[in-house]
Amino acid sequence: MKLLVINNLASGLGDGGIYDFVRSFAQDDDEVCLRFTDGTTDVRDLLGDVETFDAVVASGGDGTVATISYCLANTGIPILPFPAGTANLLTANLASPMEPHALAKLVRENRTLDFDLGEMEVDGRRFGFAIMAGAGYDATIMHGAAPAKRLLGSMAYFSAAIANPLPQKSHFKLELDGETLESDGLGVLLVNFSKLQFDIAVTHENEPRDGVFDVVILKAQNAFELIPALLAGLLDRGGEFPNRTDSLEIHQAHTVRLEANPPMEVQYDGEPTHLTTPFTAHVLRHAARFYVSQEGYELFA
């Protein structure tokens with residue numbers, strides 16, 4: 001098997017788990033090519049000959065995996081999201097193992113499914129995302145968490161949220177598959193995979209293969225009003241599926257355009273763009289092929 005490993009040295013804590021993966025994976029007549037970036041070299045420059053490989057391992061955080069997945073959209077090349085970042089939400093959403101040796105076995109089992117990706121265009125630039133993107137409070141949290149991620153890990157997001165209890169509120173104009181609605185709130189999320197840190201589900205269902213986003217409007221007046229919705233997300237794990245309260249308004253759409261007054265910062269898969277609304281986004285149906293565990297296959301097939 002010919003495997004291309006893209007390793008983002010700037011992701012996570014740099015624990016070297018990707019080398020354990022390679023040692024566990026390698027067998028007679030295999031070829032494993034490791035390529036590295038610390039953020040200076042564009043990931044796209046490391047994928048120039050990707051069609052000559054059987055599969056790609058995307059080692060880094062969710063932003064790294066999103067970029068590689070977007071570059072390989074609709075190619076049919078299987079991707080293993082390797083959890084070497086801070087939150088590693090895609091691995092958790094896919095119900096994949098976190099341990100390198102188990103991930104090596106996962107690739108050998110060659111069980112894959114095709115998942116939706118999102119494509120966002122803002123200020124003439126395009127970004128791909130696998131989990132979710134949005135504008136407003138979530139982007140503020142991602143921006144605030146960035147300096148502390150190496151020190152605090154996933155708790156950096158919680159710390160950033162606590163530090164911003166009164167985020168900016170805006171008036172939204174949303175076009176959802178051509179239908180227009182207006183609302184006020186702290187932000188808007190476009191959800192493909194629904195689970196956040198601490199296993200909190202933004203929406204009841206996790207349907208990343210249905211061709212639409214769950215469009216979530218954060219209608220709260222402040223961060224404290226979102227707490228009941230977070231608690232409801234935690235209760236989903238017990239099968240109770242309580243309502244998300246009036247602080248969240250949820251729609252579905254394939255294509256979304258968002259305008260906000262005043263403008264709000266935009267993020268995708270935990271990566272702050274330093275760009276602001278308006279943006280347009282749409283679903284790339286079944287564009288990314290990911291390795292999945294047996295549990296993940298049963299969950300999504």
Side-chain angles (χ1 to χ4, degrees), residues 62 66 70 89-90 93 115-123 126-142 167-196 200-221 223 225-226 228-230 232-233 236 241-273 275-288:
D62 292 312
Y70 185 51
L89 293 182
L90 184 56
N93 273 275
F115 291 88
D116 298 341
L117 292 176
E119 181 180 61
M120 170 188 289
E121 182 172 354
V122 52
D123 196 26
R126 292 186 177 185
F127 306 92
F129 60 95
I131 306 165
M132 62 185 71
Y137 188 37
D138 62 312
T140 300
I141 291 172
M142 301 307 171
Q168 172 189 314
K169 184 179 177 182
S170 290
H171 179 75
F172 304 123
K173 181 179 179 182
L174 277 162
E175 292 183 16
L176 307 177
D177 293 337
E179 298 290 330
T180 301
L181 67 86
E182 297 191 34
S183 185
D184 297 299
L186 304 182
V188 174
L189 289 173
L190 309 183
V191 178
N192 188 34
F193 286 93
S194 66
K195 289 186 179 181
L196 299 172
I200 296 172
V202 179
T203 58
H204 293 316
E205 301 296 331
N206 193 8
E207 298 288 350
R209 306 182 70 231
D210 62 357
V212 293
F213 299 122
D214 287 320
V215 183
V216 181
I217 304 173
L218 308 181
K219 298 187 70 174
Q221 301 295 311
E225 292 186 9
L226 293 173
L230 294 177
D236 275 2
F241 302 112
N243 290 332
R244 286 296 186 269
T245 77
D246 294 337
S247 62
L248 302 186
E249 181 179 314
I250 302 174
H251 304 268
Q252 287 191 322
H254 173 273
T255 301
V256 178
R257 176 171 174 79
L258 171 66
E259 298 177 15
N261 184 24
M264 288 183 152
E265 187 178 354
V266 175
Q267 67 85 20
Y268 70 96
D269 280 358
E271 298 292 315
T273 65
L275 301 171
T276 59
T277 53
F279 71 70
T280 302
H282 64 276
V283 176
L284 303 177
R285 184 77 187 272
H286 291 184

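All values below were derived from every heavy atom in this structure, side-chain atoms included, with hydrogens, water molecules and symmetry-related copies excluded.
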If we ignore hydrogens and angles and just use 3.5 Å, is the side chain of [X] paired with the main-chain N or O of [Y] as donor and acceptor?
| X | Y | answer |
| --- | --- | --- |
| Glu121 | His282 | no |
| Asp177 | Thr255 | yes |
| His171 | Asn261 | no |

Quick one: closest heavy-atom pair of [X] and [Y], and the distance?
| X | Y | value |
| --- | --- | --- |
| Phe172 | Ala260 | CD2-CB, 3.9 Å |
| Pro272 | Glu265 | CB-OE2, 3.7 Å |
| Val202 | Ile250 | O-CD1, 4.5 Å |
| Gly128 | Ala66 | O-CB, 3.6 Å |
| Asn93 | Ser194 | OD1-N, 3.5 Å |
| Gly270 | Gln267 | N-OE1, 2.9 Å |

With a 4.5 Å cut-off on side-chain heavy atoms, are [Y] and [X] touching?
| X | Y | value |
| --- | --- | --- |
| Thr277 | Val122 | no |
| Leu190 | Phe279 | yes |
| Val256 | Leu174 | yes |
| Leu90 | Phe193 | yes |
| Phe127 | Asp269 | no |
| Asp210 | Gln252 | yes |
| His251 | Ile217 | yes |
| Val188 | Leu218 | no |

Would you compute the distance between atom [atom1] of [X] and atom [atom2] of [Y] and round it to the nearest 0.5 angstrom?
| X | Y | atom1 | atom2 | answer |
| --- | --- | --- | --- | --- |
| Asp62 | Glu271 | CG | CD | 8.5 Å |
| Thr280 | Glu175 | OG1 | CD | 8.0 Å |
| Lys219 | Lys169 | NZ | NZ | 9.5 Å |
| Leu189 | Asp214 | CG | CG | 10.5 Å |
| Met120 | Leu275 | CE | CG | 10.0 Å |

Electrostatic pair Glu182:Lys173 at N-O distance under 4.0 angstrom: no
Asp116 bridged to Arg209 by N-O distance under 4.0 Å: no
Ring centroid separation Phe213 to Phe129 under 6.0 Å: yes
Side chain to side chain contact (heavy atoms under 4.5 Å, CB included) evaluation trace for Leu117 with Asn192: CA-CA 7 Å; Leu117 292 176; Asn192 188 34; 5.6 Å; no
